[in-house]
Amino acid sequence: MREFLDRTILPALGNRYLQGLPDASRVGKGVVFTTDGYVVDPLFFPGGDIGSLCVNGTVNDLVVSGAAPRFISLAVILEEGLPLAEVKRVLASIRRAAGAAGVAVATGDTKVVRRGQCDKMFITTSGLGWAVGRPDPRQIRLGDKVILTGTLGEHSLAILAARGEFGLESAVKSDCAPLTFLLPLWKKGVRWMRDVTRGGLATILSELAEGLPFAIRIEESLIPLSRPVRAAAEILGIDPLYMACEGRAVMIVPPAAAGRILDHIRSFGAGRRAAVIGEIGLKPGRPGEVLCETSAGGLRLLEPLTSELLPRIC
Amino acid sequence: MCLAIPARVVAAGPGSKGRIDYLGTKISADLSLLTDVRVGDWVIVHAGFAISKLDETEARQTLDMLREMVEPSPPEAGPAAAKRASKRRP
Amino acid sequence: MEPFRDKKIIGCLLRELARLTARVPGSAVRIMEICGTHTMTLHRYGLKSLLAKAGIDMVSGPGCPVCITPDAYHEAALDLLTNRDDLILAAFGDMTRVPTRRGSLQQAVPARGSRLRIVYSPGESLELARRNPSRGVVFFGAGFETTIPSIGLTVRQARRERLPNYSVLAALWLIGPPLRALCEAGEVKIDGFLYPGHVSAVTGRKPFEFIPVEFGLPGAIAGFEPADILLGLRSILGQMLDGKPEVANAYGRVVRPEGNVRAQKIMASLFEPRDAAWRGLGRIPRSGLTLKAAYARYDAVRRHGLILNEASSDPPGCRCGEILRGSASPSDCPLFSVKCRPDAPYGPCMVSYEGACLIHFKYAGKEKNHGWTKTA
């Protein structure tokens with residue numbers, strides 16, 4: 001995908017807004033703008049559905065880009081024959097999620113295509129927010145701490161469980177949720193934030209590390225994992241460090257601010273398992289590397305995921 | 001490859017269909033490659049098939065041996081030590 | 001489970017290994033881990049560098065089905081997927097990610113197409129066949145004796161149910177023959193073998209018995225937790241120091257010396273040996289399995305008239321065999337980084353992420369300035 005963006009999209013459309021392919025763009029007068037397409041399969045899964053996903057995903061892109069979300073647009077493509085009850089269920093979900101995130105659906109569009117021309121429902125949401133802070137990786141320093149707001153992989157596993165594929169019976173629920181509770185942190189010293197979506201924590205950190213003159217070192221034993229994810233990951237041979245979430249963020253913060261930032265996050269239900277999982281360092285570690293000290297004590301180099309672990313999870 | 005996990009059988013049958021529990025998550029497993037599998041047995045499951053039964057005595061011995069490396073047991077062999085030993089699960 | 005990964009216990013075992021290797025004359029002890037899952041455990045826990053510090057260099061061997069299955073199989077799978085609208089290809093995840101000269105399966109087919117399904121078990125592909133009677137289902141997988149009986153069972157079950165739409169494109173490999181080929185081909189700079197615990201659960205110790213007997217090399221069957229691997233290595237060092245090579249069983253909780261007899265019988269009833277071409281190791285007689293004639297209709301190759309150009313996928317000059325034996329290094333290979341690269345690999349040494357060539361490619365020329373080396 002990265003190659004496709006670099007080789008095809010950027011050459012055709014490249015401008016100063018798309019430079020660096022940010023999750024959201026600052027388009028002037030404090031306005032931050034983002035968009036995302038949602039093709040999740042199945043539509044409904046434990047802990048969420050395409051409705052909550054399409055609102056929270058876009059809201060979270062704005063939050064981690066330093067913006068307080070205010071409006072979203074909603075473009076829905078429906079496959080002919082999709083039961084009306086399902087459409088209503090998704091709409092109710094959108095309404096609830098928008099309410100919880102404090103955004104208004106300000107504009108939208110609906111299209112119906114013939115059976116077989118889309119898979120049940122595809123949604124694109126765009127989001128507008130007002131800048132309250134600005135992620136700046138250039139501010140990152142040696143000794144800065146890496147904070148993860150909660151357990152990894154719940155969303156990926158919820159999708160797997162919903163696909164009902166290997167008779168997997170798990171207590172998991174998707175972590176799909178708004179990260180708006182992190183907005184005040186932009187005034188508490190956070191340097192950089194990303195939501196941990198496709199590719200998982202390892203990929204997100206690799207992308208950050210690429211542009212840094214430092215290494216990022218994390219400790220496996222500090223990473224919060226729930227029992228269902230631990231179990232499923234071992235059964236299926238999937239690494240939780242590469243499993244996507246839809247309501248978790250990773251951030252880089254100055255060491256002096258780490259304590260109060262952690263307190264803030266933990267005061268919210270979605271952040272109760274937040275933890276400092278590592279730091280910015282060198283030796284061990286070369287610039288651009290992400291190193292993980294494993295639970296057995298050895299060091300492992302984490303590389304970005306270049307292929308799909310699981311297709312169509314968002 | 002050889003990826004497999006030790007799990008407890010929670011349902012055996014009908015036929016070769018089984019259900020196993022691993023850390024609270026349940027998944028189906030085909031039991032055709034083993035004979036006489038009962039609920040409560042521990043099996044090794046690879047790609048959805050149980051390929052071997054866990055020998056619980058050996059498992060306990062290995063676990064005890066590993067634990068001894070960092071917590072050598074006190075020299076007494078009275079009821080307290082026996083209780084500790086019996087508490088250890090495979 | 002926790003003691004098998006406990007940092008203190010691992011530390012203890014590593015110190016013990018260091019004490020043992022100190023008593024072995026000469027430089028670092030070279031042990032070959034044969035199974036891809038052992039390679040994966042070493043990688044996932046960052047054990048290679050810890051072991052190197054304890055005086056043990058681990059070498060990745062040919063027991064990684066994904067690594068040694070030639071391009072021909074992936075190309076056949078790609079052809080099925082792109083040319084046959086009526087077929088669903090159900091594959092193990094790791095097979096869909098192997099790069100070939102035409103890209104990986106995942107890259108070649110948009111994920112949207114439900115005709116490529118990633119499955120965790122061959123049993124799932126059988127279920128797919130039952131639920132999609134109007135489409136053919138081809139299970140694409142590679143495996144050693146751990147997986148072969150399970151694949152066989154799905155074929156047997158398909159026959160019992162008279163399922164007309166199920167077949168397997170399976171690259172099936174036996175663990176013994178490549179080890180023999182490796183040992184017989186020339187000087188083996190390997191001091192001992194870590195034998196695959198789950199293959200052994202099926203085969204028992206039989207496939208490995210010739211190694212201590214004919215070549216005097218020690219070895220131990222080991223499980224897959226970090227502590228299991230270290231216990232296996234401890235056994236091997238003990239054999240070295242006592243001068244008593246054998247096939248030791250350090251995985252007694254799972255492996256019986258005779259293996260799983262029922263699984264062996266299923267293999268014997270459904271499959272017969274064939275001469276097979278291994279990526280990087282060439283043609284090894286009776287090293288693979290193929291479905292017997294009675295089950296021909298469940299073999300996707302015969303069923304769909306596929307052509308497997310096994311010989312053509314190995315270009316002249318590939319030196320993986322020597323690299324595996326330790327008698328050549330990646331830079332000695334004329335194909336290295338010229339024709340053989342991570343995105344277009346030839347031999348297993350470039351496909352396996354612990355393969356000597358892949359690691360060399362990634363780190364060649366980079367300074368090794370920290371406490372860990374070559375862990376990727």
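Throughout, protein chains are lettered first and strands after them, A, B, ... in sequence-line order, and every chain is numbered starting at 1. As the structure is a prediction and not an experimental result, all values here were calculated from the model.
- With respect to chain B, the highest number of heavy-atom pairs below 4.5 Å among C/C12, C/G252, C/A201 belongs to C/G252.
- Closest non-hydrogen pair, B/L54 versus C/R256, comes out as C-NH2, 4.4 Å.
- A side-chain contact (heavy atoms from CB on, under 4.5 Å) with C/R253 holds for exactly one of B/T62, B/I44, B/T57, B/L63; it is B/T62.
- Using a 4.5 Å cut-off between heavy atoms, C/I9 contacts chain B through both its backbone and its side chain.
- Between B/S32 and C/R262, the closest heavy-atom pair is O-NH1, 2.8 Å.
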- Message: Is there a side-chain contact (heavy atoms from CB on, under 4.5 Å) between C/Y120 and B/I27? Walk through the geometry before answering.
- Response: CA-CA 11 Å; C/Y120 147 75; B/I27 194 160; 3.9 Å; yes
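- The environment of B/K17 atom NZ is sparse: at most 12 non-hydrogen atoms of other residues, nucleotides or ligands sit within 6.0 angstrom.
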- Take C/V254 and B/K53, measure what side-chain contact (heavy atoms from CB on, under 4.5 Å) needs, and give me the verdict at the end. CA-CA 7 Å; C/V254 169; B/K53 260 202 237 181; over 6 Å; no
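- With contacts defined as side-chain heavy-atom distances shorter than 4.5 Å, the pair C/S121/B/F49 qualifies.
- The shortest side-chain heavy-atom distance between B/I51 and C/T146 falls under the 4.5 Å cut-off.
- The side-chain heavy atoms of B/R67 and C/D6, taken from C-beta on, include no pair separated by under 4.5 Å.
- In this structure, C/N260 contributes its side chain and B/S52 its backbone to no donor-acceptor pair below 3.5 Å.
- Only the side chain of C/T154 comes within less than 4.5 Å of a heavy atom of chain B; its backbone N, CA, C and O stay farther away.
- Between C/L13 and B/L66 the shortest side-chain heavy-atom distance falls below 4.5 Å.
- Heavy-atom distances place both the backbone and the side chain of C/A263 under 4.5 Å from chain B.
- Residue B/L23: no heavy atom, backbone or side chain, is found under 4.5 Å from chain C.
- Separating the CD atom in C/Q157 from the OG atom in B/S16 is a distance of 7.0 Å, to the nearest 0.5 Å.
- When only modelled atom types and interatomic distance are considered, B/H46 and C/S150 share no side-chain donor-acceptor pair under 3.5 Å.
- Only the side chain of C/F224 comes within contact range of chain B, with at least one heavy atom under 4.5 Å from a heavy atom of that chain.
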